[in-house]
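So the structure is just underneath, and the comments pick up after that.
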Amino acid sequence: MFELSQEHEDFRKVVRDFAEKEVAPHIAQWDRDEHFPTDLVPKMGELGLFGLVVPEEYGGSAGEGQGDFTSLCVAIEELGRVDQSIGITLSAGVGLGINPILTYGSDEQKARYLPDLVAGRALAGFGLTEPEAGSDAGATRTRATREGDDWVINGAKAFITNSGTDITSVVTVTARTGTNDDGSARISAVMVPSGTPGFTVEPAYHKLGWHVSDTHGLTFEDCRVPASNLLGTEGDGFKQFLKTLDDGRIAISALAVGCAQACLELATGYASTRVAFGRPIGVNQGISFQVADLAVMVEAARLLTYKAAWLKDELHEGRRTVREVKHAAAIAKLHSTEAAVTATRIATQVFGGNGFMEEYPVARFYRDAKILEIGEGTSEVQRMLIARGLGLPQA
Amino acid sequence: MNIVVCVKYVPDAQAERTFNASDNTTDRENVDGLLSELDEYAVEAALKLVEAGEGEVTVVTVGPDQAADAIKKALQMGADKGVHVKDDAIHGSDAIATSLVLAEAIKKIGSPDLVVTGMASTDGTMGVVPTMLAERLGLPAVTYASELTVDGAKATIRRDGDVSTQTIEATLPALISVTDQINEPRYPSFKGIMAAKKKPVEEWSLADLGVEAGQVGLDAAWTKVEAFAARPPRSQGEIVTDEGDGGKKLAEFLASRKFI
């Protein structure tokens, strides 16, 4: 069976310490102000969080047999336990920002972008979703047309994480670059550096949760980038982002574990100290059984998540198949995110009226949890993938 | 420049700390321990000096088996090697015995250019070991540094007092204790955690240092904890109802406590 190494556990302690000292004291204010803490990003970089899956030549620490993807999940879980927005900033920074460049980029593209991204001096975004193409990514309308030595991009992207921070250096955008022989859209990924004329970052969204995470719509109007900004091979965009999303699912699952863990700790603490009818409310089985259920949810979600992460690390070392990892990732994401949403509902209930007050962190977790069931593939998409993995007949 | 940093493994200040009922010493078994936060500043100060030039940082601790965690943390931060002095006879040692063991360990390590310590431990908080250690090693003791620079064979510190700020120089080799104002200790990176696995840690007993068991431990201590009791929970403050004379009552209260 799989287990976390002593180094993973040591690393967990460090990230927890970091989150409690550098994030926890400020998070209520940042959340209220919808403030993205740009200064925190290089600190996360110093800790090595952005470089966990990146080889040393680009400033990372990846190495054989270390379980690097598992380390990333530990970091996301621990940041997410203190605040979900900070957790997603890391998850998206690595999974959507760094990963496509690392996996498909040319040596030149990697050398140009990765060192700053790994150090936390820069962030990168990944523009896939469009106002009219969410789960149905094949319906992408954004177009990139070849004109001489340039790609000219026109279209719009929606809900793009880390795309508009002061340190965002580049956004990888999926776009139609033609039509395949079977009539389907030829989709390719193109890198658009921040500040390119014709590339507009729209004002930040006002979201139900994840207030501290940077999310924007993007528009492209005759936005011109050199032909060399193509990421990987033309027409591979669809394949590339499907793989990117598989990894992202396990990361979101880890973020959900952090959320549920926070709910468990907060509810346990409150149930032990809050007195009603002359005794701590945790004495009542109506409360203690709910807290017990939370503990079960956290345990189950954590096991599924780290099983999937372990499989991914094993896949990386050639000992597992892509299919196994995809299946485990979908199962973990589905279960953990639904558990997290339920956990926030239970925790706020334990807190009673106080749980509805923003001065208690459970309220923030309650708002933050919902998106977990939606981002990087909705729960419905996960069920579809799991059913497909079981070999059920497909429409 | 070769630097030795003395570190201590202490019970986590966030946890419920207590004493052993049998001999009135700190209970280190039933509480999570960690590298004393005040020693992290010493490790950071040493790492900065070595990173700016060259040399090695050796961390030394005196403590039970679990104290290896304090060394590990310092190695994860970037120190080069560790020395762990452990011996059952050390249990219950006072500051005088601790400084003796540390001094002998540092002599065995070699002749460092600098010995750096925190300003005090977060458990005993006596703050006397650095000076005692300097005395035993025959080094200038330059304590409570909130700034430290080394230029050639000269160390300069800033020491912030209540009424003045002093700039103090000492010739190397020297012992320097640092305050929590001197820097922001780094968090170990994942790379640092992996690298620490391969760094050497030596374990020495009292015999390795030529220290007699009778020179250390509870029986040799010059002071002894006779009894301990948990501090009673803070009692509720006095609530004054304002009936038009609230200001007067407040002033009376402050006057009774000699604040005004």
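Proteins come first, then strands; the chains are lettered A, B, ... in the order of their sequence lines, and each starts at number 1.
- Salt-bridge annotation for Arg249(A) and Asp247(A): absent, with no side-chain N of the basic residue lying under 4.0 Å from a carboxylate O of the acidic one.
- Ring geometry for His35(A) versus Trp30(A): interplanar angle of 30 to 60°, hence tilted.
- Using the six-membered ring where Trp is involved, Phe228(B) and Phe19(B) have ring planes that are tilted, between 30° and 60° apart.
- Residue Leu52(A) touches chain B through its side chain alone, counting heavy-atom pairs closer than 4.5 Å.
- Tested against Leu114(B) for a side-chain contact (heavy atoms from CB on, under 4.5 Å), the candidates Ile3(B), Val142(B), Val4(B) yield a single pass: Ile3(B).
- Proximity to chain B involves both the backbone and the side chain of Glu7(A), based on heavy atoms less than 4.5 angstrom apart.
- At a 4.5 Å heavy-atom cutoff, the contact between Asp68(A) and chain B is made by side-chain atoms alone.
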